[in-house]
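Below: the structure, in structure tokens.
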Amino acid sequence: MSLGDLLRKTREYLSEDDVALVSKAYDFSAEVHAGQLRQSGEPYLIHPLAVALLLADLRLDVDSVVTGLLHDTVEDTLATTEQIEERFGAEVAGLVDGVTKISLLETEDSETLEAENQRKVVLAAARDVRVLLVKLADRAHNLRTIKHLAPEKQQRIARETLDLYAPLAHRLGINWLKTELEDSCFRVLYAEEHRALRERLSLNRLEREGYMSEVCNLLTKRLGDGGLEAEVGGRTKSAYSVFCKMKDQGLDYDEVHDVVAFRVVVDSRNECYEALGIMHAYWRPVPGRFRDYVALPKANMYQSLHTTVIGPYGERMEIQVRTGEMHRIAEHGIAAHWRYKSRDDQGTDEDERLEWLRQVLEWQKIDDPREFIDTIKADVTAEDVYVFTPKGDTVSLPLGATVVDFAYSIHTDIGNYCAGARVNGRLVPIKYRLEQGDSVEILTTEELAPSRDWLKFVVSHHARERVLSVLKQEEQTRAIALGRAIVERDLKVESLDLARLHREGRVADLLKKFRKANEEELLESVGLGRITVAQVLDHLLPDRAAKAGPRRRFRRIFGLLARQSKTGVTVRGVEGTVVRFGKCCQPLPGDSIVGFLTKGRGITVHSLDCQRLADSDSRRHVEVTWEKGARALTKVKLEVDSSDRPGLLAGMSQAITAAGVNIERAQVRSIGDNRATNVFELVLGHVDELKRVSRNLRRVPGVRDVRRIRA
């Protein structure tokens with residue numbers, strides 16, 4: 001691996017001026033990384049060179065390849081972004097900045113720091129997808145050399161890659177890169193399973209290759225007899241994909257009958273369907289295993305016909321049928337056609353293909369970086385369901401999406417006024433979950449509006465955000481009205497009113513005092529209890545404040561002491577009140593929470609997603625927060641869906657214990673079909689412990705799902 005290799009590769013598709021710029025970037029990278037070594041003891045320059053070569057393999061533009069050579073310069077050397085911009089232009093400087101980690105973030109929480117770095121990359125990629133392509137190439141080479149790192153760091157990097165970066169590579173449609181990332185992580189995270197599976201795959205390799213050759217010849221002959229010339233090939237599925245099938249379906253290796261898959265490449269779209277017909281005429285198709293991704297491409301642009309047939313020797317055969325162009329895109333995805341000659345050259349097709357990535361810009365308002373990354377992970381790993389508008393346009397939605405999710409994907413107003421739908425000509429309610437190929441016509445009425453009930457069934461982040469926005473606006477309107485009524489009532493006692501205060505210019509003085517932009521903001525704060533009317537009157541009437549001073553100071557001190565309770569919860573706007581936790585949702589420190597004020601009974605703290613809270617009067621909600629370092633021992637129930645096999649309970653118990661958590665009770669129930677439901681009762685002090693336990697359990701082979709049970 002040398003500069004000559006990189007220059008030869010880039011010269012195949014870039015101009016001589018571009019190749020000269022690549023050489024210049026190599027020289028700069030060599031200069032600033034001089035003397036630096038990798039953990040392997042090799043010169044550090046090997047890494048940026050390898051990243052640039054991977055980007056050249058994808059045939060990305062010159063700015064991307066240059067960024068590959070420079071991607072660590074600002075983070076790991078004394079080079080600055082300004083120097084990069086001066087020598088290589090603003091576009092390269094922006095790409096380098098996009099992949100540069102945040103190193104001076106003021107946090108002691110390594111998970112938060114890592115999530116913040118991931119968030120930065122994803123948001124930068126939403127503006128320019130090349131940032132993500134550089135990051136994926138960087139991660140691929142780091143995984144190739146991961147054996148030189150400490151075991152703990154290997155585990156962290158592999159888990160992060162498997163959870164986030166491999167799914168992102170899949171979303172971009174770069175199949176070979178996604179497969180490499182997954183198999184590299186599999187080797188690190190499941191070393192024993194990886195070794196055993198590789199041994200099993202190698203044992204019958206010759207037999208498998210003979211079978212593939214025989215079937216490929218047979219497929220070629222059958223298609224030739226039908227008048228079609230085709231390129232036919234067979235491949236062994238990746239070790240990780242076989243492992244996932246075994247884990248998800250609770251199978252042993254000998255029970256996996258489709259380790260081999262076949263691919264038929266023809267010249268045209270029409271020939272794809274002709275080839276499918278020929279194969280179905282010779283071999284019986286397996287019901288329910290046909291997928292038409294030619295007519296309905298996946299969100300990552302992938303197109304192929306998928307079928308499974310009962311082939312020679314009674315074995316199931318998976319076959320993919322596609323054109324040469326479809327195959328190129330299936331392997332290289334967005335990189336197969338994404339060009340950066342100029343912004344004007346980017347057509348609507350490319351914009352549509354990256355729409356899923358652009359949507360993350362809407363999620364910037366999620367303040368918690370870990371919540372943001374969890375949202376991204378859920379989005380990129382979600383399966384899609386494809387439905388049609390009345391005009392025949394295709395809409396891609398997450399699996400399990402409802403009529404409301406579809407309505408919001410069309411337009412916000414259609415979502416806000418959605419009253420139901422006609423699906424395939426039949427009237428259905430807004431909760432109806434859409435299925436592949438449904439034709440959907442939304443019915444609207446201005447007499448209805450989104451409610452908190454909608455949050456129980458919408459699945460897309462876009463729809464959830466829109467519903468929350470409407471609810472927030474409604475709550476804001478109610479808070480302003482309540483605040484106005486409270487202020488007007490107490491002003492009347494002092495022979496004052498808002499109109500008079502406006503005339504005298506005293507409202508402007510209040511806004512300045514409480515740092516509010518306008519009267520509505522001030523009244524909203526009063527309605528929500530963040531500012532009390534007493535504070536408003538004390539500022540308007542200083543003499544009143546002086547007379548009540550000693551008594552109020554005593555009350556304020558008493559209230560502060562009352563708030564610093566053993567609950568670990570701070571209440572804003574309400575002093576000296578009793579705080580208790582809702583038994584209905586059992587919130588843990590770290591959960592998003594809100595308080596519910598009950599006259600004479602204090603404040604009950606609920607989880608933000610609590611069902612009882614959703615049905616309550618939002619005017620009685622008060623802002624509560626966890627104090628720093630808060631811990632509150634709480635009984636939590638976890639339900640684990642798993643396969644039903646000997647030794648699995650022991651494995652799950654070990655996973656929980658490894659997270660530093662004790663099991664109070666465990667219940668196991670077999671539900672048939674080789675499945676079991678396991679309920680564990682744990683005592684936890686913080687939501688981070690819950691996340692740690694859940695992560696450990698999901699890594700146990702045979703575990704399908706882990707969820708928290710609310711009382």
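What you see is a predicted model, and the numbers here were worked out from it, not measured in a lab.
- Atom CD in Glu465 sits 10.0 Å away from atom NZ in Lys472 (nearest 0.5 Å).
- Distance alone, capped at 3.5 Å, is enough to place a donor-acceptor pair between the Arg506 side chain and the Leu540 backbone.
- Residues Leu443 and Arg422 have side chains in contact (heavy-atom distance under 4.5 Å, counting atoms from C-beta outward).
- Judged purely by distance below 3.5 Å, without hydrogens or angles, the side chains of Tyr408 and Asn416 pair a donor atom with an acceptor atom.
- In this structure, the side chain of Gln473 does not engage the main chain of Ser469 through any donor-acceptor pair within 3.5 Å.
- You'll find the side chain of Leu471 stays beyond 4.5 Å of the side chain of Trp454, heavy atoms only.
- Distance CG/Leu690 to CG/Asp591: 7.5 Å, rounded to 0.5 Å.
- Asn424 contributes a side-chain N or O that, together with a main-chain N or O of Ser439, makes up a donor-acceptor pair within less than 3.5 Å.
- Note: His306 and Tyr302 have perpendicular aromatic rings, judged against thresholds of 30 and 60 degrees for the angle between ring planes.
- A salt bridge is absent between Asp453 and Lys431; no separation between the charged side-chain nitrogens and carboxylate oxygens falls under 4.0 Å.
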Side chain to side chain contact (heavy atoms under 4.5 Å, CB included) for Cys418 and Val403? Distances and angles first, verdict last.
CA-CA 8 Å; Cys418 178; Val403 164; 3.8 Å; yes
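- For the residue pair Thr412/Arg466, the side-chain donor-acceptor check at 3.5 Å is satisfied.
- Side-chain contact annotation: Asn175 with His170, donor-acceptor N/O pair under 3.5 Å absent.
- Within 6.0 Å of the NZ atom in Lys247, the count of heavy atoms belonging to other residues, nucleotides or ligands exceeds 12.
- In this structure a side-chain-to-backbone donor-acceptor pair under 3.5 Å is missing from Asp163 to Glu160.
- Put simply, CD on Glu521 and CZ on Phe514 are 13.5 Å apart, with the number rounded to the nearest 0.5 Å.
- Side chain of Gln436 to backbone of Tyr386: a donor-acceptor contact under 3.5 angstrom is found.
- A donor-acceptor pair is defined here as one N or O able to donate and one able to accept, closer than 3.5 Å; no such pair exists between the side chain of Asp641 and the backbone of Arg704.
- No donor-acceptor pair under 3.5 Å is formed between the side chain of Ser607 and the backbone N or O of Cys610.
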Passes side chain to side chain contact (heavy atoms under 4.5 Å, CB included), Phe581 versus Gln586? Steps please.
CA-CA 7 Å; Phe581 295 101; Gln586 300 167 311; over 6 Å; no
Begin with the C-alpha distance, continue with both residues' side-chain angles, and end with the deciding distance and a verdict on side chain to side chain contact (heavy atoms under 4.5 Å, CB included) for Phe680 and Glu639.
CA-CA 7 Å; Phe680 296 96; Glu639 186 175 73; over 6 Å; no
Show your working on side chain to side chain contact (heavy atoms under 4.5 Å, CB included) between Leu397 and Phe406 and close with a plain yes or no.
CA-CA 7 Å; Leu397 296 168; Phe406 176 87; 3.9 Å; yes
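- Using a 4.0 Å cut-off between charged nitrogen and carboxylate oxygen, Glu519 and Arg484 count as a salt-bridge pair.
- Counting only distance, with no hydrogens or angles, the side chain of Glu488 and the backbone of Ala485 share no donor-acceptor pair below 3.5 Å.
- Using modelled atom types, one finds no donor on one side chain facing an acceptor on the other under 3.5 Å when comparing Glu474 with Thr477.
- Using modelled atom types, one side-chain atom of Thr389 and one backbone atom of Asp393 make a donor-acceptor pair closer than 3.5 Å.
- Looking only at distances, no side-chain donor or acceptor of Arg707 sits under 3.5 Å from a matching main-chain atom of Val640.
- Side chains of Ile656 and Leu682 form a contact here, defined as non-hydrogen atoms less than 4.5 Å apart.
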